[in-house]
Amino acid sequence: MTALTLRQYLTQHAFDPDLVFLIEDIASAARSIASLVRSGAFDGNLGSADEINVQGETQKTLDIMANDVFEATCANSPRLAALVSEEVEDVTWLKEPEADDFLLYFDPLDGSSNLDVNLSVGSIFAVMQVRADGDDNVLHKGRNQICAGYAIYGPSTMLVLTKGDEVAGFTADPVTGEFRLTHPAMTVPPETSEYAINTSRARHWHAPVARYIADCVAGKDGPRGRSFNMRWTASMVADVHRILTRGGVFLYPADSNNEKAGGKLRLMYEANPMAMLIESAGGAASTGLGDIQDVTPQAPHQRVPVILGSRDEVAVIEKYHADHA
Ligand code: P6P
């Protein structure tokens, strides 16, 4: 039987018809970005744009191009009122906000430091809604997301998304570019022996994280009584995709070096969408002290500590935080 197309899946799963349009626009943007990434070496686009973004990071040429693709592809989506992009300081309003209009939060090209070394990168998105006519507030808790997902530009281009009930993965046909359902009902196993963290930051870690990693490294003879494996791709989309596929726990915690900024990863268009995906797949997504999706945002680009993945492992890490509180 031929795998469902993206449109067939969205229709069968009763997605709001205007949300179907927006998701299909996002899928079109993903196809275009996948093409830009694949041909970047020929077009001389793998390097830096010599611009600094609102995050204080040097923008890659493709960061800016991917943002422009998202804006151009989604700008005419019905009921889409505003865009919040990692690459743009201010909120981009497309129309006067009316109740139930869509708000699109996105990181157009996450992990772009991997571009010149030909490793997987991705785009992350989340959709929330305008509360009332004329309400221009975009700072809503992640719990209010009606849809979240990512595109991953790896050996294959995939689109993974949820509206909160299940997580579905679609693979782009390499010839036609059409996304077809290849990973229905993705779930995160509750247990894992695989963690992902940038261990070069160990000297900055606070006690709960340092203790957790030390216990994993101690292996069978340590407090966990079993060996652990480690992965770190420096591309959140790739790490989260691995966890949605085979389990694991991902940590980008607050530490003594980044805590003034609130952590490294951004709440509205990285942590919140990934948290919705992981929780919809049966996992957990925490700051260490509470659920990411319960964090009340104060600013569009605010950062937050991220600990997400197999729920039993996240619970161990939260317990270590409570022990040290
Ligand atoms: P580090 C990429 O820049 C990113 O935002 C995430 O995709 C990734 O998990 C993290 O930062 C990598 O950070 O400090 O290891 O380079």
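Fair warning: this is a prediction, and the values are worked out from it, not measured in the lab. All ligand and atom numbering here is 1-based and tracks the order in the structure. FYI, the numbering just counts along the sequence from 1.
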Can you name the residues that form a side-chain hydrogen bond (donor to acceptor under 3.5 Å, both in side chains) with Asp116, not counting sequence neighbours?
-> none
First-shell residues of ligand 1 [heavy atom, distance under 4.0 Å] = Asp110, Gly111, Asn198, Trp232, Ala234, Ser235, Met236, Phe250, Tyr252, Lys264, Leu265, Arg266, Glu270
Met236 side chain near Glu270 side chain, heavy-atom distance below 4.5 Å | yes
Centroid-to-centroid, Tyr212 to Trp205, below 6.0 Å?
-> no
Give the table of side-chain donor-acceptor pairs shorter than 3.5 Å for residues 165-173, with sequence neighbours excluded, one pair per line with atom names and distance.
unit_1, atom_1, unit_2, atom_2, d
Asp165, OD2, Lys163, NZ, 3.0
Glu166, OE2, Tyr9, OH, 2.5
Glu166, OE2, His13, NE2, 3.3
Thr171, OG1, Thr182, OG1, 2.7
Asp173, OD1, Val175, N, 2.6
Asp173, OD1, Thr176, N, 2.9

Donor-acceptor list for residues 118-125 side chains, cut-off 3.5 Å, not counting sequence neighbours:
unit_1, atom_1, unit_2, atom_2, d
Ser123, OG, Pro108, O, 2.6
Ser123, OG, Tyr153, OH, 2.7

Sidechain-backbone polar pair: His183 side chain, Leu244 backbone, donor-acceptor under 3.5 Å | no
